A.B. asks: 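Quick one: the structure is below, questions incoming.
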Amino acid sequence: MSDELADFEGQSPVEHALAGGEPQRVGWFRFYFADEHWEWSPQVERMHGYEVGTVHPTTDLVLSHKHPDDYGQVAATLDEIRRTSGAFSTRHRIIDTRGEVHHVVVVGDQLFDDSGLVIGTHGFYVDVTPSIREAHDETVTEAVAEIAEARSGIEQAKGMLMLIYRINAESAFELLRWRSQETNTKLRALAEQIATDFLGLSYEEELPVRAVYDRLLLTAHLRVES
């Protein structure tokens, strides 16, 4: 299969829709330390049950949506981010405005200003709720399998993301596709770079801490050769 596939040429209708459509289960966020200012993408806004453009997220609002059993974990993570200005990742539950529970993976990295000073954190949410779009799952699974047959690099990266972040195949593919779109990087090239980066880590018996993978995932597009 030629590289033009990564530019959506010669793709099947299903593959083109998956690779080129707007991801609905992945979205970005930004959090600025100085004034506790948050920004959400439309996808993250919808995950929380709001219509796009109808809410201005605050720390209190963000925390108010956390499942009671996960609130302490998330609040502690937020305190740690403020203290260390480091990368992070967490898996927890949120409750939207309709009372529905969403299982999410949230990954964040340092946000810098123009002078190189860390001013906040930014990253993404992945909604990994098992019951979401059940009617769509079979189609997505078949499409991912079809693509995987011809795209071993994408399949390899997808498997790594499934292992590291404990997400299913659909969510892993959505995450790859979203990063491809956000960074304007060919999907195959980005997946291959992520796989190369992950496999290039040095360790003995225990895997590196997840923050190492978070940083590689969020910066992989910078290492893709033009």
Side-chain angles (χ1 to χ4, degrees), residues 1-30 40-47 52 89 91 102-109 122-130 132-199 213-226:
M1 188 173 296
S2 66
D3 287 340
E4 282 75 19
L5 254 176
D7 289 324
F8 313 133
E9 296 179 8
Q11 295 171 308
S12 69
V14 171
E15 184 176 356
H16 180 82
L18 280 172
E22 181 187 12
Q24 295 301 315
R25 300 182 68 172
V26 185
W28 57 263
F29 75 93
R30 299 187 189 97
W40 280 346
S41 72
Q43 293 87 354
V44 175
E45 202 162 359
R46 292 191 190 101
M47 283 179 203
V52 177
S89 61
R91 184 187 182 106
H102 299 256
H103 296 251
V104 297
V105 170
V106 183
V107 176
D109 196 6
H122 68 145
F124 57 86
Y125 279 68
V126 186
D127 191 330
V128 296
T129 309
I132 285 184
R133 299 190 301 180
E134 289 179 346
H136 186 54
D137 283 350
E138 183 176 350
T139 300
V140 172
T141 300
E142 291 174 355
V144 171
E146 174 189 339
I147 295 167
E149 290 178 2
R151 293 188 170 186
S152 59
I154 292 176
E155 184 69 3
Q156 185 178 37
K158 184 162 66 71
M160 291 177 179
L161 294 175
M162 292 169 66
L163 173 65
I164 298 301
Y165 294 107
R166 294 183 297 134
I167 58 181
N168 62 24
E170 180 186 355
S171 296
F173 187 77
E174 289 267 3
L175 178 53
L176 283 173
R177 183 165 62 91
W178 178 76
R179 289 303 297 161
S180 171
Q181 292 179 336
E182 285 289 300
T183 61
N184 194 28
T185 308
K186 290 182 179 181
L187 180 61
R188 178 190 290 178
L190 182 66
E192 290 176 349
Q193 185 63 54
I194 290 171
T196 297
D197 289 343
F198 281 15
L199 290 172
Y213 293 100
D214 299 341
R215 179 67 54 80
L216 291 176
L217 174 61
L218 290 169
T219 59
H221 64 285
L222 301 175
R223 293 180 292 280
V224 173
E225 295 185 3
S226 302

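Just so you know, these numbers use all the heavy atoms, side chains as well, and skip hydrogens, waters and symmetry mates. Treat the numbers as computed from the prediction; the structure is a model and nothing was measured.
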A.B. asks: Are Leu199 and Gln156 packed together at the side-chain level, in the sense that at least one heavy-atom pair is separated by less than 4.5 angstrom?
C.D. replies: yes

A.B. asks: In sequence, state the C-alpha distance, the side-chain angles, and the governing distance for Val128 and Arg166, and then conclude on side chain to side chain contact (heavy atoms under 4.5 Å, CB included).
C.D. replies: CA-CA 9 Å; Val128 296; Arg166 294 183 297 134; over 6 Å; no

A.B. asks: Between Trp178 and Val126, is any pair of side-chain heavy atoms under 4.5 Å apart?
C.D. replies: no

A.B. asks: Is any side-chain heavy atom of Val105 closer than 4.5 Å to a side-chain heavy atom of Leu175?
C.D. replies: no

A.B. asks: Before giving the answer on side chain to side chain contact (heavy atoms under 4.5 Å, CB included), spell out for Phe173 and Ile154 the whole-Å C-alpha distance, their side-chain angles and the decisive distance to 0.1 Å.
C.D. replies: CA-CA 8 Å; Phe173 187 77; Ile154 292 176; 4.0 Å; yes

A.B. asks: Return the set of residues passing ring-ring contact (aromatic ring centres under 6.0 Å, His included) with Tyr165 (not counting sequence neighbours), or none when no residue passes.
C.D. replies: none

A.B. asks: Indicate the atoms forming the closest heavy-atom contact of Lys158 with Ala172, along with that distance.
C.D. replies: CG-CB, 3.4 Å

A.B. asks: If you round to the nearest 0.5 Å, how far is OG of Ser89 from CZ of Arg215?
C.D. replies: 12.0 Å

A.B. asks: List the atom of Gly27, the atom of Ser41, and the distance in Å for their closest heavy-atom pair.
C.D. replies: CA-OG, 3.3 Å

A.B. asks: Are Gln43 and Val26 packed together at the side-chain level, in the sense that at least one heavy-atom pair is separated by less than 4.5 angstrom?
C.D. replies: no

A.B. asks: Could you walk me through whether Leu161 and Leu217 pass the side chain to side chain contact (heavy atoms under 4.5 Å, CB included) check?
C.D. replies: CA-CA 9 Å; Leu161 294 175; Leu217 174 61; 4.1 Å; yes

A.B. asks: Which pair of non-hydrogen atoms, one from Leu190 and one from Ala220, has the smallest distance, and what is that distance?
C.D. replies: CD1-CB, 4.0 Å

A.B. asks: For the backbone of His122 and the side chain of Arg30, can you confirm whether one donor and one acceptor N or O come within less than 3.5 Å of each other?
C.D. replies: no

A.B. asks: Of the non-hydrogen atoms in Gly153 and Ala191, which two are nearest, and what is the gap between them?
C.D. replies: O-CB, 3.8 Å

A.B. asks: Would you check if Asp197 and Thr219 make a side-chain contact, meaning some heavy-atom pair closer than 4.5 Å?
C.D. replies: no

A.B. asks: Out of curiosity, Arg46 CZ to Asp127 CG, how far, rounded to the nearest 0.5 Å?
C.D. replies: 13.0 Å

A.B. asks: Is any side-chain N of the basic residue among Glu182 and Arg179 closer than 4.0 Å to the acidic one's carboxylate O?
C.D. replies: no

A.B. asks: Within the 4.5 Å heavy-atom criterion, are Phe198 and Leu163 side-chain neighbours or not?
C.D. replies: no

A.B. asks: Say you draw a straight line from CG of Asn168 to CE of Met162; how long is it, rounded to the nearest 0.5 Å?
C.D. replies: 6.5 Å

A.B. asks: Does some side-chain heavy atom of Ile194 sit less than 4.5 Å from a side-chain heavy atom of Leu176?
C.D. replies: yes

A.B. asks: I'd like to check Leu218 versus Phe124 (side-chain heavy atoms, cut-off strictly below 4.5 Å). Are they in contact?
C.D. replies: yes

A.B. asks: Any side-chain to backbone donor/acceptor pair from Ser180 onto Thr185? Under 3.5 Å, distance only.
C.D. replies: yes

A.B. asks: Quick one: pull up CZ in Arg25 and CD in Glu174 and give me the separation to the nearest 0.5 Å.
C.D. replies: 7.0 Å

A.B. asks: Return the minimal non-hydrogen interatomic distance between Glu45 and Val52, and the atom names on each side.
C.D. replies: OE1-CA, 3.7 Å

A.B. asks: Considering all heavy atoms of both residues, which atom of Arg223 and which atom of Gln193 are nearest to each other, and what is their separation?
C.D. replies: O-OE1, 3.2 Å

